[in-house]
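Quick caveat: nothing in here was measured; it's all calculated off a predicted structure. Reminder, nothing fancy here: chain letters follow the sequence lines and each chain counts from 1.
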Protein chains: 2
Amino acid sequence: MAEPQCPECGRINEVLSRVGDRWSVLVVISLAQYGVLRFNALKRHLGISQRMLSLTLRELERDGLVSRTYHPTIPPKVEYALTPLGESFREPVKALGLWALEHLPAIDAARAEYDAAAEAEKKTA
Amino acid sequence: MAEPQCPECGRINEVLSRVGDRWSVLVVISLAQYGVLRFNALKRHLGISQRMLSLTLRELERDGLVSRTYHPTIPPKVEYALTPLGESFREPVKALGLWALEHLPAIDAARAEYDAAAEAEKKTA
DNA sequence: CGGTATCCGAGACGATACTG
DNA sequence: CAGTATCGTCTCGGATACCG
């Protein structure tokens with residue numbers, strides 16, 4: 001693709017591809033809500049596959065949003081929590097989550113209407 | 001995958017898969033900034049492929065976030081703008097975009113540090 | 001328990017060519 | 001100008017199996 005005429009869009013794009021994916025957002029939301037969570041707790045809570053959770057957590061740790069604490073007990077115990085940077089991400093994410101919950105019905109309605117109109121269109125043709 | 005233990009996560013996930021992808025977010029940001037934009041203007045501005053822009057816009061229109069106005073002139077002219085629902089999406093999206101711009105350096109730093117540590121680890125082994 | 005390694009299908013995405 | 005159609009590629013992400 002051609003580079004964007006707008007450099008800001010390129011950079012926002014860049015950050016969004018890092019921490020903007022679905023699983024990252026959901027992990028941050030969960031940690032924000034519960035403070036500290038173990039691997040399998042997160043897994044069950046989100047309904048995410050082991051593989052994706054592992055990858056997502058590693059990326060989040062790498063980006064400095066999440067801290068990983070390993071307790072070498074038997075059985076092993078690993079706890080994940082938000083770093084200060086992760087905490088700062090809470091606000092915008094929370095806003096997004098709230099908007100999502102609030103406007104889901106409106107989106108569903110718009111979608112139904114659009115589909116109905118498209119269906120009517122087909123009859124005309 | 002197993003269903004999430006947390007139903008809220010399921011719903012947030014649902015909305016995010018609709019309007020949470022990278023291109024949708026960037027289109028909304030652009031429209032929020034300029035008010036009204038034509039197809040190719042958006043295309044150049046974002047550095048998006050024709051195909052993805054077409055798909056993204058259709059989805060956004062279907063979800064009721066973006067309005068499409070067709071002027072049957074020669075050459076044709078199509079204008080895209082935010083609907084009221086789309087406008088309401090501006091706030092959370094703006095928060096996200098600002099956070100992204102503001103914390104990109106911190107993320108880069110964290111990432112560099114993480115990678116350096118990983119590199120040092122390899123030498124030990 | 002908390003991962004990693006491997007495999008594989010489905011969908012995302014870009015490039016290109018064509019249409020009204 | 002504003003798309004649609006088709007194609008090939010590449011990444012996402014689940015399933016499965018195995019390790020410390």
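Relative to the side chain of B:R22, the nucleotides D:dG3, D:dG14, C:dC13 differ in distance, and C:dC13 lies closest. Checking C:dG3, D:dG13, C:dC13 against every side-chain atom of A:V78, the shortest atom distance belongs to C:dG3. You'll find that the side chain of A:Q50 is closest to C:dT4, out of D:dA2, C:dT4, D:dG14. When distances run from any side-chain atom of B:M52 to the nucleotides D:dG13, C:dG2, C:dG14, the shortest one goes to C:dG14.
The distance between atom NE2 of B:H71 and atom P of D:dA2, rounded to the nearest whole Å, is 10 Å. If you take CD1 of A:I74 and P of D:dC19, they are 18 Å apart, rounded to a whole angstrom. Rounded to an integer number of Å, the gap from CZ of A:R44 to C1' of C:dC1 is 10 Å. If you measure from atom CG of A:L53 to atom P of C:dG3, you get 8 Å, rounded to the nearest angstrom. Counting to the nearest Å, the P atom of C:dA12 and the CG atom of A:N13 are 17 Å from each other. Rounding to whole angstrom units, CZ of residue A:F39 and P of D:dG20 are separated by 18 Å. Across the protein-nucleic acid pair, B:K43 atom NZ and C:dT16 atom C1' stand 12 Å apart, rounded to whole Å. When rounded to the nearest whole Å, the span between CG of A:D21 and C1' of C:dA12 equals 14 Å.
In this model, the phosphate group of D:dC1 is not approached by any side-chain N or O of B:Y80 to a distance below 4.0 Å at OP1 or OP2. The side chain of A:S54 places an N or O atom within less than 4.0 Å of a non-bridging phosphate oxygen (OP1 or OP2) of C:dT4. For the OP1/OP2 pair of D:dC18 and a distance below 4.0 Å, the side-chain nitrogens and oxygens of A:R51 include no atom meeting the criterion. For the OP1/OP2 pair of D:dG3 and a distance below 4.0 Å, the side-chain nitrogens and oxygens of B:R58 include no atom meeting the criterion.
Using cut-offs of 30° and 60° for the angle between ring planes, the B:H45 and B:Y34 rings count as perpendicular.
The environment of CD in A:E113 is sparse: at most 12 heavy-atom neighbours from other residues, nucleotides or ligands sit within 6.0 Å.
Checked by atom type and distance alone, the side chain of B:S54 never pairs as donor or acceptor with a backbone atom of B:Q50 at under 3.5 Å.
Checked options A:L53, A:L82, A:V19; the residue passing with A:V27 is A:L53 (criterion: side-chain contact (heavy atoms from CB on, under 4.5 Å)).
Taking 4.0 Å as the cut-off between side-chain N and carboxylate O, A:E59 and A:R62 count as a salt-bridged pair.
When the nearest nucleotides of DNA chain D are assigned to A:L55 and B:R68 by heavy-atom distance, the more 5′-ward of the two goes with B:R68.
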